[in-house]
Amino acid sequence: MAMPLHQFFTSTDYLLSLPMIMLALFGMGVLIIDLLLPPEWKRANAWTALVGLVFSAIAVYKVQIADRIAEAHGQAGSFVGFGGSLVADRFAIYFYYLFLAGAAIAILMSVKYLEIEREQHGEFYALVLFSVIGMMCMASGYDIVLLFVGLELMALSTYVLVGFLRRDQRSNEAALKYLLLGAFSSGIFAYGLSLFYGLAGSTNLGQIALTLEQHFLANPKDPVAILALLTTATGLLFKIAAVPFHQWAPDAYEGAPTSITGYMSVAVKAAGWALLLRIFLYMLYPLRPIYLPMIIFVSLATLTAGNLAALTQSNLKRLLAYSSIAHVGYMLLGLVAGNTNNASSTGIKGIMVYLLVYTFMNLGAFAVITSLRRRDIIGDEIDDIAGLMFKAPTEAILMLVFLLSLAGIPPLAGFWGKYFIFLSLIESGHYALATVAVLYAVLGLYYYMRIANAMFMRRAETAEPVSLSPGLRLALAITALGTVIIGIFPEVFLRAAAWSLSVPQASAVAGLLK
Amino acid sequence: MLHLALFLIFGVIAVVGAINLIAQTHPINSALSLVVVMGSLAAEYLLLGAEFLGAIQVIVYAGAIMVLFVFTIMLLNAGAEEQTRGSKVAIIIGIPGMVIGSVAVAWALIRAHTGAEVPVGSLYGSAQGIGHLLFRDFLLPFEITSVLILIAIMGAVVLARRES
């Protein structure tokens, strides 16, 4: 019996997948145009990729408008496509914009850098675009099959991007390590998901949550459910580099091209968080009493190991890698906040704000480090940034802004991320955790100031000047503006984060957040 | 009952094959263990009712892909041919293991009522069912997988390209 096409692929499906279709088209376009370009024109690929990101952003905006119209007609929460496997809710749209911004800034940072490394190839930009498709699936997937395929799509592109500098031994080693550990963790994650499928008989997150709720009431200590929870959580915690699953991060961050390190620490990490929040809040919320102690332990371990290890690093990229592990610890505390059965909405809002401000401040810091790469200087040691104030004062001051923001000093953006996390902890009575987190934030200030100390107080090791390419200049301007503006005028952005979490009434997850 | 017994037997064979794959030092032995894993997975699919998937598993994975694997290994490790008088592992574990496996399958088959057929699971395993799943329920993951494969090809090309 033949069924007409529009039953498989409706106009809603088309609209909801339009942002991904745009990225796929432009990604393939970059690959084809790359073949036609003479070597000295290869940088044009970056512009094609940026145009693709803009088109994708326009498509996301169309989805957002359609979402608003559906809500006005009282059909809120029904805005799902592909038989319920894709949900374009506000949560997903917020993350879509975050991924697109992160990818655009990373591409701006890459143009000159790749020329210096003599690795200017179109595949680089195509891989960035394709990885964003994977991230979008991770943020909007409502079906474990789609979530997993999206995760693999993103991870595979990132493995290749990490190893993109073939002449560099560190890059190759980092890619191989990342690939092996990443494949291992994906396997564990898939195993957990398959157990949940076995328990629930459905791949839909909402269905699994309903079945788990009944299952959990009847049998609170079912070993299969707990095994499934542990394996799934291990896979997720690995992807966001939480301790004790963080060992891959410093090596991968150090070996990767610097712009990709920045990209990994913001967009890839945000995608991991989107997946984690989707699974923990939408699928596993009946198991919250079981996973809560585990998350508390992991967040404390992550804060401790990340902050202590960052103290002694001499390599800038490794230092920021450990600091990004520490930031994951703060964000995990946002998930802890709330009572046993419900996550605190302030805590989740804190995570969303944190991811937004982190995108700007961390990419900014990496943009400065990218500019330290010159013809014969690798430029990722603290010694390389010494005396930056005397060579490039603007850059040094911007770097100071990013570092202070990372440390969480008001009135910069980073303050608001930490503020909401701490607020949520205090609101829900986790005073001890809040105290520990504040102490670690003070410790964080120390290692960020080590970099500042090198920039302002020490003499430069080499006389080689630091110059900024136009792309890098634009990237620095965007990230600096983002860091300062979010810090001084946070209302718009806080409203955006709150908006992303305001779940429509009709949705099955209403009442999930406290 | 017979269904469950067969399912467990093939499951154990698959796991043992996978462990052997890692334990072997010679790549050819590992490749052959992988054939065992693929073959028993095909049997598992069949028992679950995914007959189309089972057939594809044998044709594509146990057949085509494994031949490719073995070719590649032979091309890369074209060292001197080793001749052994039969490995100890094969004599101590392999042959008894095979005997035990065959006996277990035979025992399970004989113990069942004569003439009874092993029921096939109720998954959507036919070619039609798979088509429905791929192009209706899992349309988007299916399309995303095509991008995933594109990246895998591209990644291999990028990482293996020559110095210009």
Side-chain angles (χ1 to χ4, degrees), chain A residues 1 3 5 7-9 13 16-17 20-21 23-24 27-28 31 39 81-86 118-119 121-124 126-127 129-131 133-134 136-137 140-141 143-161 163-164 166-167 171-172 175-176 179 203-204, chain B residues 3-4 7-8 11 14-15 17-19 21-22 30 34 37-38 41 44-45 47-50 53 57 61 121-164:
Chain A
M1 187 180 63
M3 283 173 83
L5 177 72
Q7 293 197 355
F8 299 112
F9 190 69
D13 294 345
L16 295 194
S17 56
M20 301 179 204
I21 294 175
L23 289 173
M28 287 185 275
L31 285 179
F82 296 98
S85 61
L86 188 79
R118 285 175 296 148
E119 294 283 1
H121 300 286
E123 289 91 348
F124 182 91
L127 281 168
L129 292 191
F130 288 140
S131 70
I133 301 180
M136 287 183 165
C137 292
S140 60
D143 184 290
I144 51 180
V145 176
L146 181 59
L147 288 174
F148 185 72
V149 174
L151 172 69
E152 283 305 287
L153 177 55
M154 181 201 76
L156 217 62
S157 340
T158 325
Y159 302 148
V160 181
L161 285 171
F164 208 80
R166 272 174 325 125
R167 294 185 194 82
S171 178
N172 293 329
L176 193 62
L179 168 72
T203 55
N204 187 280
Chain B
H3 188 253
L4 183 64
F7 190 83
L8 290 179
V15 173
I19 293 171
L21 189 161
I22 307 171
S30 293
L34 192 55
V37 177
M38 296 297 183
L41 277 182
E44 299 276 61
Y45 290 145
L47 287 167
L48 285 172
L53 201 57
Q57 175 83 9
Y61 283 89
S122 56
L123 292 181
Y124 307 97
S126 63
Q128 196 189 11
I130 297 231
H132 264 278
L133 284 179
L134 281 186
F135 293 104
R136 198 181 56 198
D137 299 0
F138 295 107
L139 177 62
L140 187 60
F142 179 67
E143 297 297 337
I144 298 288
T145 310
S146 61
V147 183
L148 186 70
I149 293 170
L150 176 65
I151 287 180
I153 298 170
M154 211 166 76
V157 172
V158 166
L159 296 179
R161 70 179 169 247
R162 265 163 219 250
E163 295 282 337
S164 49

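Per chain, numbering begins at 1; letters A, B, ... match sequence-line order. Quantities reported herein were computed from a predicted structural model and do not represent experimental measurements. These values consider heavy atoms only, across backbone and side chains, with no hydrogens, waters or symmetry-generated copies.
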Any side-chain heavy atom of A/H121 sitting closer than 4.5 Å to one from B/V158? no
Can you confirm whether B/Y61 sits close enough to B/L34 that some side-chain heavy atom of one is under 4.5 Å from a side-chain heavy atom of the other? no
Is it the backbone or the side chain of [X] that comes under 4.5 Å from a heavy atom of chain B, or both, or neither?
| X | value |
| --- | --- |
| A/L31 | side chain |
| A/F148 | neither |
| A/L156 | both |
| A/M28 | side chain |
| A/N172 | neither |
| A/L153 | both |

Is there a donor-acceptor pair closer than 3.5 Å between any side-chain N or O of B/S30 and the backbone N or O of B/L21? yes
Nearest 0.5 Å please: distance from the [atom1] atom of [X] over to the [atom2] atom of [Y].
| X | Y | atom1 | atom2 | answer |
| --- | --- | --- | --- | --- |
| A/S157 | A/L127 | OG | CG | 6.0 Å |
| A/M20 | A/L23 | CE | CG | 9.0 Å |
| A/E123 | A/F130 | CD | CZ | 10.5 Å |

Name the one of A/L146, A/D13, A/V145 that satisfies side chain to side chain contact (heavy atoms under 4.5 Å, CB included) with B/L140? A/L146
Would you mind checking which part of [X] comes under 4.5 Å of any heavy atom in chain A, side chain (CB onward), backbone (N, CA, C, O), both or neither?
| X | answer |
| --- | --- |
| B/I149 | neither |
| B/A156 | neither |
| B/F135 | backbone |

